[in-house]
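Presented below is the structure to which this report refers.
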Amino acid sequence: MKEPSDSTLAATKIQAWWRGTLVRRMLLHAALRVWIIQCWWRKILAKLLERRRRTMLELNTWQIWACVKLQACVRMWLIRLRYCRVLNAVRVIQICWRWHSCHTLGFFRGNYEITENELKLQIDIFLGSQICRITDSIPFPIKN
């Protein structure tokens with residue numbers, strides 16, 4: 001077998017060096033492209049995570065709002081129920097007293113005032129020369 005000459009060995013070395021340089025350059029470009037894609041993908045994942053977090057936060061806010069609205073409706077219904085009971089009791093007392101005063105020739109006068117947390121009643125009953133004054137304050141349940 002014939003030994004390669006010095007110029008052939010030098011040319012082979014130059015070719016190997018040049019191929020190595022090309023491979024290293026290609027690997028560097030590939031690594032940069034991979035890094036760019038990874039940065040882009042991490043950015044997309046962060047946006048998705050933020051969107052999911054915001055959606056969950058909005059859902060939680062809507063649930064809390066619905067609970068508060070429901071509680072307010074129930075409290076309003078309970079207060080109205082109590083108010084209707086008090087109003088019915090006042091009407092029963094008025095009917096009974098009107099019947100009684102009609103039969104005893106007496107009369108009565110009264111007024112009431114409704115505030116946000118209580119019902120104030122003042123009734124004056126006149127029977128001939130006798131006067132009876134009834135004053136009462138009925139509290140409503142306090143809204144929490």
Side-chain angles (χ1 to χ4, degrees), residues 1-103 106-127 130-144:
M1 206 170 184
K2 191 174 172 188
E3 288 266 333
S5 67
D6 287 340
S7 63
T8 309
L9 287 175
T12 306
K13 276 190 169 190
I14 292 172
Q15 287 174 353
W17 169 81
W18 182 245
R19 284 187 195 124
T21 303
L22 290 178
V23 167
R24 283 188 291 280
R25 186 184 306 165
M26 187 180 66
L27 287 175
L28 178 65
H29 286 295
L32 287 174
R33 289 181 189 126
V34 166
W35 180 69
I36 290 170
I37 292 171
Q38 286 175 345
C39 289
W40 172 81
W41 182 244
R42 286 183 189 123
K43 186 177 171 183
I44 294 296
L45 283 180
K47 283 183 182 179
L48 288 174
L49 186 62
E50 179 63 23
R51 190 176 299 149
R52 188 177 303 146
R53 188 189 67 78
R54 180 174 287 284
T55 303
M56 293 303 292
L57 187 63
E58 288 175 0
L59 178 66
N60 190 29
T61 303
W62 277 104
Q63 287 175 347
I64 290 172
W65 179 83
C67 289
V68 168
K69 190 74 171 172
L70 185 63
Q71 288 172 352
C73 288
V74 168
R75 286 187 187 119
M76 181 183 68
W77 178 74
L78 290 173
I79 298 246
R80 179 167 169 71
L81 185 66
R82 183 163 179 167
Y83 169 75
C84 289
R85 286 181 184 160
V86 169
L87 192 60
N88 190 34
V90 167
R91 288 180 181 155
V92 167
I93 292 169
Q94 286 175 347
I95 290 170
C96 291
W97 183 252
R98 285 178 185 153
W99 180 86
H100 178 72
S101 66
C102 179
H103 287 78
F107 67 97
F108 77 99
R109 182 176 48 201
N111 60 13
Y112 63 92
E113 180 183 349
I114 299 173
T115 61
E116 62 185 62
N117 56 1
E118 65 181 3
L119 171 66
K120 295 179 182 176
L121 295 172
Q122 181 178 352
I123 301 173
D124 297 327
I125 303 168
F126 301 94
L127 291 172
Q130 297 176 339
I131 298 174
C132 178
R133 177 169 280 162
I134 299 171
T135 304
D136 197 6
S137 178
I138 301 170
F140 292 129
I142 295 174
K143 184 176 180 180
N144 293 331

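All values below were derived from every heavy atom in this structure, side-chain atoms included, with hydrogens, water molecules and symmetry-related copies excluded. Throughout, residue positions are numbered sequentially from 1 according to the sequence presented.
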Distance from [X] atom [atom1] to [Y] atom [atom2], nearest 0.5 Å?
X: Arg80; Y: Leu87; atom1: CZ; atom2: CG; value: 9.5 Å
X: Thr61; Y: Glu58; atom1: OG1; atom2: CD; value: 7.5 Å
X: Leu119; Y: Ser137; atom1: CG; atom2: OG; value: 7.5 Å
X: Gln122; Y: Arg109; atom1: CD; atom2: CZ; value: 9.0 Å
X: Ile131; Y: Asp124; atom1: CD1; atom2: CG; value: 7.5 Å
X: Thr21; Y: Ile14; atom1: OG1; atom2: CD1; value: 11.5 Å

Within a reach of under 6.0 Å around CG of Asp6, are more than 12 heavy atoms found that belong to other residues, nucleotides or ligands?
no

Under the side chain to side chain donor-acceptor pair (under 3.5 Å) test, which residues partner Thr135, sequence neighbours left out?
none

Please name all residues satisfying side chain to side chain donor-acceptor pair (under 3.5 Å) with Arg52, sequence neighbours left out, ordered by chain then number.
none

Among pairs that include at least one residue of residues 29-79, which meet ring pair (Phe, Tyr, Trp, His ring centres under 6.0 Å), considering only residues two or more places apart or in two chains?
Trp62-Trp65

Partners meeting salt bridge (charged side-chain N to carboxylate O under 4.0 Å, His left out) with [X] (sequence neighbours left out):
X: Asp136; value: none
X: Arg42; value: none
X: Arg53; value: Glu50

Taking C-beta and beyond as the side chain, do Met56 and Asn60 meet within less than 4.5 Å on heavy atoms?
no

Step-by-step side chain to side chain contact (heavy atoms under 4.5 Å, CB included) determination, Val92 to Cys96:
CA-CA 6 Å; Val92 167; Cys96 291; 4.2 Å; yes

Where do Phe140 and Glu118 come nearest, in terms of heavy atoms and distance?
CD1-N, 3.5 Å

Leu81 and Arg85: CA distance, side-chain angles, deciding distance, side chain to side chain contact (heavy atoms under 4.5 Å, CB included) verdict:
CA-CA 6 Å; Leu81 185 66; Arg85 286 181 184 160; 3.6 Å; yes

Just one of Leu121, Val90, Ile138 clears the side chain to side chain contact (heavy atoms under 4.5 Å, CB included) bar with Tyr112, so which one?
Leu121

